[in-house]
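Taking it in order: structure first as structure tokens, then the write-up.
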Amino acid sequence: MRTSQYLLSTLKETPASAEVISHQLMLRAGLVRNVASGLYTWLPTGLKVLRKVENIVREEMERANAIEVLMPMVQPADLWEESGRLNDYGPELLRLNDRHHRAFVLGPTHEEVITKLVSNEINSYKQLPLNVFQIQTKFRDEIRPRFGVMRGREFLMKDAYSFHLSQECLQKTYDIMFDAYCRIFERLGLDYRPVIADTGSIGGAVSHEFHVLADSGEDDIAFSDESDFAANVEKAEALAPIGDRPAPNQTLSRIDTPNAKTIDAVSEFLKVDIKSTVKTLLVVGETDKGETAPIIALVLRGDHQLNEIKAENLAQIATPLTFASEEQILASVGCNAGSIGPVDMTILVIVDRSAAHLADFVCGANTDNVHFTGVNWDRDCSDYTVEDLRNVVEGDPSPCGKGKIVIKRGIEVGHIFQLGDKYAQAMKCGVLTEAGKNQILTMGCYGIGVSRIVAASIEQNHDKYGIKWPSAIAPFQVAIVPMNMAKSVRVKETAEKIYQQLQQAGIEVLFDDRKERPGVMFADHELIGTPCLLIIGERNLDNQEIEVKNRITGEKSLMAIDNIMSLFEK
RNA sequence: CGGUGAUUAGCGCAGCUUGGUAGCGCACUUGGUUUGGGUCCAAGGGGUCGCAGGUUCGAAUCCUGCAUCACCGACCA
């Protein structure tokens with residue numbers, strides 16, 4: 001490719017809207033352009049990278065015996081009605097009507113379509129197990145698109161779905177996919193970790209996320225500092241403190257705490273360590289049919305944060321987690337938020353393991369502007385249950401039993417689930433078994449954020465000059481940078497000759513034939529991140545040499561023109 | 001969804017307080033100059049100042065509404 005015939009679209013200045021480095025560099029290097037919030041056009045250079053990522057993913061999926069299909073992005077709402085997700089999915093699901101007023105959705109994922117397909121196409125146990133995948137555009141109407149293609153509304157995803165008659169068979173495919181994912185991220189040259197994850201709205205039991213480690217990541221990952229343990233903070237278990245709860249030392253006393261409505265204000269006012277206080281949150285409980293929803297109290301140590309997913313997963317608590325309104329709070333405990341506490345509570349009280357380990361603590365007295373001090377479980381407050389409710393924090397003991405928790409940021413680039421029969425059941429997807437009986441299938445699903453990987457890779461591979469692509473996904477393997485080609489016939493002839501040779505050898509080469517000064521060319525190629533630059537100038541032609549510069553290491557060396565092709569052999 | 005801010009040439013911004021001929025840098029075009037790290041000189045092209053109302057002799061500027069974009073928050077007991 002010659003730059004004169006190409007759409008380079010590099011920018012000197014950073015557009016103001018780009019916040020993270022990958023977004024800035026993707027705009028500056030001419031990889032993408034913003035069309036609307038969360039929607040991007042991929043320019044030629046960006047598309048080359050995207051296709052490379054896509055092909056690595058495709059090769060590894062095929063190696064893992066998954067077979068490729070392509071499903072529509074627009075899906076009938078009926079299918080979503082059938083699985084129950086039309087209601088469950090919420091406003092992230094973009095709904096639309098066609099000219100006949102039939103209801104459709106833009107697919108944020110494809111469980112429904114594929115399950116329907118398999119239920120129609122597969123009839124016998126002999127056809128199983130089956131693992132199909134596609135690489136298709138998804139649309140999720142995100143609350144807040146940001147960081148460029150990292151959290152866009154429209155994005156490219158590889159999604160695979162496997163179908164099985166038994167859990168053992170599902171586990172086998174799950175393990176194969178786990179390994180395939182590791183190979184993919186290794187080939188992509190990413191610093192990644194598989195982590196134990198929550199299954200979220202997709203449903204199911206066992207799940208792992210694959211995260212690329214980067215400070216700009218949106219997820220907190222909890223690691224053990226002594227073992228391989230890694231889990232999404234959402235999922236990491238907070239263990240009960242070791243040892244017995246200390247014995248009560250203080251007597252229960254009521255203290256006026258005017259205007260101290262937050263935990264910080266209370267601990268400041270009473271000059272008490274925040275770790276000796278508890279906070280009480282009121283949430284809506286699960287209802288039996290027709291009843292008004294009960295209000296449930298959740299008690300946490302003052303410095304801890306509620307893990308909404310853990311709370312939501314408790315049977316007594318409504319899904320999705322809903323905090324009690326001001327009216328509900330007043331009606332159920334007789335005071336306003338800011339003075340709630342578990343003492344003499346008439347509603348169900350669920351206490352976090354760490355809060356349950358406190359003695360002589362401070363809590364609200366269920367009277368506005370009054371708190372208790374010297375509170376002790378069982379003595380002052382006996383009707384409660386203990387659960388794991390909080391987020392782990394740095395320094396907690398690791399749930400694996402070895403080491404302490406360290407928290408790092410990660411970008412989620414892959415997620416694999418054992419779905420179970422949720423969709424197969426809803427869509428009546430079964431086959432005849434060897435015994436001639438119909439059996440509902442069990443499923444796995446496996447996603448990779450293809451477009452997000454491009455951004456994640458840049459987050460990990462850049463310097464002050466621009467992107468440093470690993471050669472596996474570089475848009476061009478090599479750039480030819482001739483010095484003053486317009487004036488020097490020798491430079492021009494040499495550059496053209498090498499260009500021909502590289503092209504004939506099938507190597508992706510970008511020939512900078514613009515009439516630009518050297519500095520402009522160097523800056524552009526370093527911004528774009530081509531791994532290898534061939535710099536051709538009068539200076540070295542007397543010795544039949546050109547300069548080879550490695551973008552990743554910065555090393556420069558001289559090389560005989562006749563040997564250039566040896567760089568790309570193998 | 002809430003809060004904050006922005007919207008003026010392709011990009012980055014000034015002008016608005018105090019209403020009166022729309023500006024700067026980059027990019028682009030032409031000519032010259034320079035040629036191993038974002039040259040220099042000169043001449044040009046490009047904007048219904050986000051949209052719709054209002055005030056005024058006159059609005060980028062003041063007022064109202066709307067739209068879009070961005071950032072922050074959505075953990076509150």
Side-chain angles (χ1 to χ4, degrees), chain A residues 8-20 23-24 27-28 30 33-39 90-92 141-148 257 260-266 277-283 295-311 321-326 328-330 332-333 335-342 345 362-366 368-369 371 389-391 465-466 481-488 491 512 514-527 533-541 546-547 549 554 556 558:
Chain A
L8 212 48
S9 289
T10 52
L11 301 172
K12 250 190 217 180
E13 285 172 301
T14 303
S17 59
E19 201 196 354
V20 295
H23 189 196
Q24 293 172 359
L27 292 169
R28 287 225 294 133
R33 286 293 182 263
N34 183 254
V35 175
S37 179
L39 303 177
E92 244 177 53
D141 201 356
E142 295 281 349
I143 292 179
R144 191 176 160 201
R146 63 185 130 179
F147 303 157
T257 50
K261 291 196 188 305
T262 65
I263 282 293
D264 286 337
V266 169
T277 67
V278 303
K279 56 186 176 187
T280 307
L281 286 64
L282 300 187
V283 298
I295 299 299
I296 295 174
L298 304 179
V299 180
L300 293 161
R301 208 171 77 185
D303 59 321
H304 285 150
Q305 293 203 319
L306 177 66
N307 180 313
E308 297 193 12
I309 288 168
K310 289 178 183 175
L321 187 73
T322 313
F323 286 97
S325 65
E326 286 178 26
Q328 287 172 316
I329 291 175
L330 202 57
S332 48
V333 296
C335 72
N336 289 295
S339 303
I340 310 174
M345 191 72 104
V362 172
C363 69
N366 297 325
D368 283 342
N369 298 318
H371 279 75
L389 291 177
R390 70 176 175 93
N391 282 336
Y465 301 109
V481 187
M483 298 292 105
N484 197 18
M485 188 167 73
K487 288 277 170 65
S488 167
V491 168
D512 201 333
R514 294 176 297 175
K515 196 186 165 197
E516 285 288 357
R517 292 175 58 80
V520 174
M521 297 192 201
F522 286 130
D524 270 349
H525 293 291
E526 278 160 7
L527 177 60
L533 299 190
L534 301 181
I535 301 156
I536 302 170
E538 279 286 336
R539 195 194 277 178
N540 299 312
L541 282 184
I546 62 176
E547 186 181 319
K549 182 169 179 183
K556 298 179 195 172
L558 290 174

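A note on names: the letters A, B, ... follow the listed sequences, proteins ahead of strands, and every chain is numbered from 1.
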| field | Donor-acceptor pair present, A:D524 side chain and B:G37 base, under 3.5 Å | value | no
| With distance as the sole criterion, do the side chain of A:K556 and the base of B:G36 form a donor-acceptor contact below 3.5 Å? | no
| field | Which residue lies more 5' along RNA chain B, comparing A:I340 with A:L533 via nearest heavy atoms | value | A:L533
| remark: In Watson-Crick or G-U wobble terms, with both distances under 3.5 Å, the base opposite B:G37 is none
| B:G44 pairs with which nucleotide, Watson-Crick or G-U wobble, both distances below 3.5 Å? | B:C28
| A:S17 side chain reached by A:N34 side chain, heavy atoms, under 4.5 Å | no
| query | Who passes side chain to side chain contact (heavy atoms under 4.5 Å, CB included) against A:T10, sequence neighbours left out? | reply | A:L8, A:D524, A:L527, A:I528
| Considering every strand shown, what is the Watson-Crick or G-U wobble mate of B:A74 when both distances are under 3.5 Å? | none
| query | Starting at CZ of A:R144 and ending at P of B:G73, how long is that distance when rounded to a whole Å? | reply | 7 Å
| remark: Atom NZ of A:K279 and atom C1' of B:A77 are separated, to the nearest Å, by 9 Å
| message | Regarding B:G36, can its base be found pairing with the side chain of A:E538 as donor and acceptor, where the two atoms are less than 3.5 Å apart? | response | no
| message | Quick check for you: to the nearest 0.5 Å, what is the distance between A:D264 atom CG and A:T277 atom OG1? | response | 8.5 Å
Hey, what are the protein-to-nucleotides 25-31 of chain B N/O distances that come in under 3.5 Å?
{"unit_1": "B:G25", "atom_1": "N2", "unit_2": "A:E13", "atom_2": "OE1", "d": "2.8"}
{"unit_1": "B:A27", "atom_1": "OP1", "unit_2": "A:K12", "atom_2": "NZ", "d": "3.2"}

| Nearest-angstrom distance from the residue atom CG of A:N484 to P of B:U34 | 11 Å
| query | Could you state the CZ-P distance from A:R517 to B:U39, rounded to the nearest angstrom? | reply | 5 Å
| message | Whole angstroms only, please: what is the NE2-C1' distance between A:H23 and B:A70? | response | 11 Å
| task | Tell which nucleotide pairs with B:G23, taking only Watson-Crick or G-U wobble pairs whose two distances are both under 3.5 angstrom. | result | B:C13
| said: Could you tell me how far apart A:E19 (CD) and B:C69 (C1') are, to the nearest whole angstrom? | reply: 14 Å
| task | Kindly point out which of B:A77, B:G12, B:U35 is positioned nearest to the side chain of A:A16? | result | B:G12
| task | Report yes if some heavy atom in the side chain of A:E142 is under 4.5 Å from a heavy atom in the side chain of A:S37; otherwise report no. | result | no
| request: Identify whether any heavy atom of A:I263 sits under 4.0 Å from a base atom; if not, whether one sits that close to sugar-phosphate; answer base, sugar-phosphate or nothing. | output: sugar-phosphate
| remark: Side-chain atoms of A:I535 come closest, of B:U35, B:G36, B:G38, to B:G36
| task | Determine the contact category for A:L11: base if any of its heavy atoms lies under 4.0 Å from a base atom, sugar-phosphate if only primed atoms, P, OP1 or OP2 are that close, otherwise nothing. | result | nothing
| request: Begin with the C-alpha distance, continue with both residues' side-chain angles, and end with the deciding distance and a verdict on side-chain contact (heavy atoms from CB on, under 4.5 Å) for A:N336 and A:L330. | output: CA-CA 6 Å; A:N336 289 295; A:L330 202 57; 3.8 Å; yes
| Taking the side chain of A:R146 as heavy atoms from C-beta outward, which of B:A77, B:G38, B:C71 is closest to it? | B:C71
| message | I want to verify a distance call: between B:G37, B:C69, B:G38, whose nearest atom is closest to the A:F522 side chain? | response | B:G37
| note | Answer for the Watson-Crick or wobble partner of B:G53, both distances under 3.5 Å, is B:C63
| task | Answer whether the closest heavy-atom distance between the side chains of A:P518 and A:V481 falls below 4.5 Å. | result | no
| Interatomic distance where CE belongs to A:M521 and P belongs to B:U39 [whole Å] | 11 Å
| query | To the side chain of A:K549, which of B:U35, B:G37, B:G12 is closest? | reply | B:G37
| field | Residue pair A:F522 / A:M483: nearest heavy atoms and the distance that separates them | value | CZ-CE, 3.7 Å
| Would one find a side-chain N or O of A:S37 under 4.0 angstrom from OP1 or OP2 of B:U68? | no
| Closest approach of A:N366 and A:I340, non-hydrogen atoms and distance? | OD1-CA, 3.4 Å
| message | Side chain of A:R539, heavy atoms from C-beta onward: which of B:G38, B:G36, B:A77 has the nearest atom to it? | response | B:G36
| task | Measure from CG on A:N540 to P on B:G36 and round the result to the nearest Å. | result | 12 Å
